[in-house]
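What follows is one structure encoded as structure tokens, with my remarks underneath.
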Amino acid sequence: MPDLLLELFSEEIPARMQAKAAEDLRRMVTGRLVAEGLVYDGAKAFATPRRLALTVHGIPARQSDLKEERKGPRVGGPDAAIQGFLKATGLASLDDAKIQRDPKKGDFYIALIEKPGRPTLDVLAEIIPLIVRTFPWPKSMRWGERSAKSSALQWVRPLHAITATFGIDTEEPEVVPFELSGINSGQTTYGHRFMAPAPIAVRRFADYEAKLFDAKVVLDPQRRRDIILADARTLAQAQNYELVEDHVLLDEVAGLVEWPVVLMGSFDAEFLSIPGDVIRATIRNNQKCFVVNDPATGRLTNKFILTANIEASDGGAAIIAGNERVIRARLSDAKFFYEADLKTKLEDRLPKFDNIVFHEKLGSQGERIARIVRLAAEIAPLIGADVEKTKRAATLCKADLLTEVVGEFPELQGLMGKYYALAQGEDASVAAASEEHYKPQGPADRVPIDPVSIAVALADKIDTLVGFWAIDEKPTGSKDPYALRRAALGVIRLIVDSGHRVRLGDIVLDALLPFRVVEVRREAAENNDLWDKLNERLDMRELRLRDRWNDYINAKGGIILEREQGIALALRGDLLSFFADRLKVQLREQGARHDLVDAVFSLGGQDDLLMVVRRVEALAAFLATDDGKNLLAGVKRAANILRIEEKKDARSYDGAPDQSLYSEAAESALAYMIIVVKQDASAAVAREDFAAAMSAMAKLRPAVDEFFDHVKVNDDDPAVRENRLKLLNEIREATRAVADFSKIQD
Amino acid sequence: MPPHMRPERSFQGLILTLQRFWADYGCVILQPYDMEVGAGTFHPATTLRALGPKPWRAAYVQPSRRPKDGRYGENPNRLQHYYQFQVIIKPSPPDLQDLYLKSLAAIGVDAALHDIRFVEDDWESPTLGAWGLGWECWCDGMEVSQFTYFQQVAGVECAPVAGELTYGLERLAMYVQGIDRVYDLNFNGRDGADKVTYGDVFLQAEKEYSKHNFEHSDAEMLFAQFAMAETACQKYLEAGWKDGKREWHLMALPAYDQCIKASHVFNLLDARGVISVTERQSYIGRVRDLAKACGEAWLHTDAGGAA
């Protein structure tokens with residue numbers, strides 16, 4: 001079967017867009033082919049700085065013919081129905097329709113629609129221009145004379161040529177004929193911009209890729225990556241060094257060249273006094289070069305590896321010399337910045353934060369840092385962090401944002417803070433928090449271990465979450481501009497991974513206070529005394545005034561307090577359920593059952609995330625045993641009966657059963673076991689020994705089984721029936737000591 | 001070519017070579033605009049001529065002032081006053097990249113010896129309400145030019161699109177002369193006692209202007225000048241509409257001069273550190289509003305293509 005070769009040849013495509021563009025091209029073309037009934041064998045797309053290419057092989061030469069019978073109105077039906085039928089089927093008149101006899105319901109018309117399949121070449125000539133016109137570049141542009149009209153073709157950069165051939169590999173393929181904004185499809189492409197710029201005639205993918213290679217273009221980005229990586233490693237190893245591998249950089253560099261030529265240069269060793277990360281950021285971000293480690297010292301050496309796009313006539317000497325000069329200038333800037341930064345103490349930078357807006361509704365960076373300091377100090381004792389160190393760490397943790405190096409290389413935020421903090425003699429924990437408090441940045445990122453870092457990290461993230469909740473800027477659907485989901489997941493991991501016990505709900509209320517204070521202060525501005533009293537006595541965590549409502553505070557204070565309580569409770573509830581959702585996602589990704597998370601959260605008041613996780617784990621382990629499965633079945637059976645009967649009787653059967661009404665042995669045995677299990681399970685839960693709580697729960701299982709085997713719930717005596725239903729309810733209640741079993745899926 | 005005119009040994013030789021190259025292509029070779037601007041793009045030959053349907057080809061040197069980039073003459077690469085060589089061609093020709101590479105060859109950058117690359121760089125000027133797509137052009141890892149296809153200028157869609165090339169002349173000259181410190185550039189291509197360096201011409205100016213820009217510029221006067229330029233620009237724009245009808249404009253260019261003025265005064269205020277972060281955005285927005293109104297006026301003039 002025939003193959004398609006498609007190449008879109010343009011001016012330089014941004015490196016970061018190439019991979020997705022190749023994938024989009026493959027997806028769009030193959031998707032349209034399938035939609036046109038053309039099922040293909042395989043497809044592969046490629047990108048270089050100057051071209052997107054696609055090969056699709058094994059496409060049928062033409063579409064198959066379509067035959068379809070469509071039922072119409074009855075013979076002699078209303079004219080409107082008949083006209084509609086003719087229009088829908090494209091028949092010229094009823095003479096073209098068949099009549100289907102139906103003695104029972106009456107005869108009706110049938111249209112036989114035959115759609116002959118089209119040659120694939122024609123289909124391609126139709127769909128390719130459409131795909132080019134609707135291609136989803138992140139940003140596209142107009143160019144040249146045609147850009148005077150708004151209908152001009154848009155592409156990522158000016159598009160110069162389109163190769164599109166279709167045919168079987170034993171014959172000369174045909175050009176897929178179309179014209180797009182002045183570009184006629186053909187079979188001519190071009191080689192390397194400098195080394196082989198002449199036109200190249202191509203027939204199909206095999207000779208296309210080979211001829212490009214001869215013309216100094218490596219089509220496959222993976223192959224370019226492999227070449228760069230292998231050559232870079234070899235160059236480094238030849239001098240007993242090792243390449244500092246960097247896959248993001250490798251991808252980018254592979255997108256900047258069609259013919260990778262890897263070269264090594266060096267810089268003055270005096271620059272090695274700059275921290276290695278700064279050297280790396282300078283060389284990597286500005287020059288797209290790799291750095292090199294000396295395994296003997298474990299530190300960077302004064303070498304770098306560049307990837308040129310040309311086999312230069314002097315073997316690369318001028319290219320190396322040129323890059324060395326640029327890198328020298330860059331490093332001397334970086335050294336200057338670094339040394340200048342060291343001259344100012346971190347705390348001396350803080351006043352500037354008062355003039356930097358964090359968010360228009362959430363005040364300045366200065367205010368935000370003050371909130372983080374306060375909140376971190378509240379969290380510190382809960383997780384065993386030194387309060388004074390935590391306060392110091394929180395005070396300094398953002399200061400490096402105002403340094404020259406971070407201004408130049410924003411990705412070094414935190415890390416530079418650590419260096420500068422150490423350089424000015426801060427405690428190691430305090431310094432580390434500058435870097436660590438941003439963690440974890442995502443599901444794969446590390447969680448800090450030092451309690452000081454954890455306290456600051458929690459305060460930073462919770463302040464962000466509570467702040468945006470307070471101004472009602474929550475994530476919706478795919479929109480999460482402030483990365484609040486990531487912050488919430490960070491909070492969860494900080495707590496759960498470090499195994500700390502905290503009541504998240506209390507911290508949320510604590511964090512909310514400064515945001516509400518601004519509001520309340522504004523309202524109470526006319527009455528300073530009112531404000532002072534409120535501020536002094538309002539205990540956000542307990543949501544109450546610390547002592548008796550002072551006569552001095554007038555009715556207005558009471559109204560404000562009541563309203564604030566409402567706002568605080570609503571926000572806490574809402575934010576906790578957001579955490580619950582994130583936890584569910586997190587556990588699900590780790591393979592845990594999300595229904596078990598629901599079963600635990602459904603108990604209410606679960607804001608100790610570590611305990612939630614422990615409980616879910618114990619529950620999962622229990623449900624994997626026979627006892628667990630059977631007990632779940634028994635509890636569900638009880639719940640089902642109850643649901644049906646409660647609905648029938650329009651009442652609920654809660655309340656204690658009357659033990660004088662037990663007539664069967666299995667009944668009193670169950671009642672006894674429920675009491676025992678409830679006690680044991682609750683005691684175990686109180687000890688936070690969830691495994692023991694589950695084992696206690698397991699003891700209920702034989703009694704439940706016995707009960708259902710020997711006792712008829714719907715007894716003829718209504719009093720006995722009611723009592724037995726109450727007993728069933730007791731089963732349900734007993735299991736709530738560990739989880740809400742009704743949320744668990746079978 | 002006499003040795004003192006060769007681009008690889010003479011700063012002025014490099015400029016003259018570029019002018020000659022683009023003159024041969026059919027550009028009008030303009031002289032620098034006679035006002036302080038932050039970049040060659042501000043010259044009305046680019047900003048305004050990029051708007052409207054009429055073809056346009058021009059090239060010129062533009063002294064550019066970036067008060068904040070001054071380093072008292074102590075940094076080998078940073079200057080508060082430097083030269084840009086600007087080429088603007090509307091509509092953008094299909095072979096603009098090739099033309100650019102040929103211009104590099106003309107000043108001695110051999111594409112067989114050097115690694116020339118087009119690296120993504122989307123250009124945006126918030127003060128001009130302009131953006132375009134293109135690249136930084138790299139030579140052996142050094143950014144030597146900006147290459148932009150204008151998509152929008154002064155808030156107006158470019159139809160047709162103009163191609164803009166901006167050569168950083170000092171950098172390029174440092175590259176071809178093999179010099180690491182800008183002040184060491186050979187300006188006139190002579191040797192010995194006849195040699196004039198870039199430092200001979202500009203070092204004193206860099207020191208003086210850095211002192212002025214960072215420490216002594218009269219902020220009060222500048223704030224007043226900004227307000228005056230803004231008001232004047234609006235006044236000229238208003239008065240320029242022929243017969244008071246918004247069909248034909250008679251003073252787009254004088255109005256735009258005031259927009260340029262406001263922009264430069266803002267840059268001076270910014271360098272002086274007297275504009276807060278929030279105010280900064282608002283000042284940029286005010287200049288942009290002027291630029292947009294000037295662009296709108298320009299489209300109602302003859303050169304702007306009004307019928």
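The figures here come from the full heavy-atom set of this structure, side chains too, leaving out hydrogens, waters and symmetry mates. In what follows, chains are A, B, ... by sequence order, proteins preceding strands, each numbered from 1.
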*Which answer fits Ile89(B), side chain, backbone, both or neither, if we ask what part of it has an atom under 4.5 Å from a heavy atom of chain A?*
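No part of Ile89(B) comes within 4.5 Å of chain A.
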*asked:* With a 4.5 angstrom heavy-atom cut-off, is it the side chain or the backbone of Phe150(B) that approaches chain A, or both, or neither?
replied: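 Interface part for Phe150(B): neither.
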Could you state the interatomic distance from [atom1] ([X]) to [atom2] ([Y]), rounded to the nearest 0.5 Å?
X: Phe118(B); Y: Asn309(A); atom1: CZ; atom2: CG; result: 11.0 Å
X: Thr307(A); Y: Arg117(B); atom1: OG1; atom2: CZ; result: 7.5 Å
X: Phe194(A); Y: Asp110(B); atom1: CZ; atom2: CG; result: 10.5 Å
X: Arg50(A); Y: Gln97(B); atom1: CZ; atom2: CD; result: 7.5 Å

Nearest heavy-atom neighbours spanning [X] and [Y]:
X: Gly144(A); Y: Ser92(B); value: N-OG, 2.8 Å
X: Arg78(B); Y: Glu408(A); value: NH2-OE2, 3.9 Å
X: Pro94(B); Y: His160(A); value: O-CE1, 3.1 Å

Between [options], the one whose heavy-atom pairs under 4.5 Å with chain A are most numerous:
options: Pro76(B), Pro93(B), Cys158(B); value: Cys158(B)
options: Cys139(B), Pro55(B), Ala159(B); value: Ala159(B)
options: Gly163(B), Pro53(B), Ala162(B), Gly134(B); value: Gly134(B)
options: Asp180(B), Ile116(B), Asp115(B), Asn75(B); value: Asp115(B)

Given heavy-atom pairs under 4.5 angstrom as the criterion, report whether the side chain, backbone, both or neither of [X] touches chain B.
X: Val156(A); answer: backbone
X: Asp333(A); answer: side chain
X: Ser140(A); answer: backbone
X: Met17(A); answer: side chain
X: Arg330(A); answer: neither

Winner by heavy-atom pair count (cut-off under 4.5 Å) against chain B, out of [options]:
options: Arg142(A), Arg16(A), Gln287(A); value: Arg142(A)
options: Gly315(A), Gly322(A), Gly255(A); value: Gly322(A)
options: Ser147(A), Ala321(A), Ala312(A); value: Ser147(A)
options: Ala148(A), Ala329(A), Pro49(A), Cys289(A); value: Ala148(A)

Between [X] and [Y], is any pair of side-chain heavy atoms under 4.5 Å apart?
X: Arg193(A); Y: Asp98(B); result: yes
X: Trp135(B); Y: Glu12(A); result: yes
X: Trp143(A); Y: Leu96(B); result: no
X: Ile319(A); Y: Leu113(B); result: no
X: Met142(B); Y: Asn323(A); result: no
X: Arg157(A); Y: Glu120(B); result: yes
X: Asp140(B); Y: Arg325(A); result: no
X: Glu145(A); Y: Pro160(B); result: no

*asked:* With a 6.0 Å cut-off (strictly less than), is the heavy-atom count around NZ of Lys54(B), excluding the residue itself, greater than 12?
replied: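 Check passes, neighbour count above 12.
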*Regarding Arg71(B) and the six-membered ring of Phe336(A), is the cationic atom NZ or CZ under 6.0 Å from the ring centre and inside 45° of its axis?*
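No, a cation-pi geometry is absent between Arg71(B) and Phe336(A).
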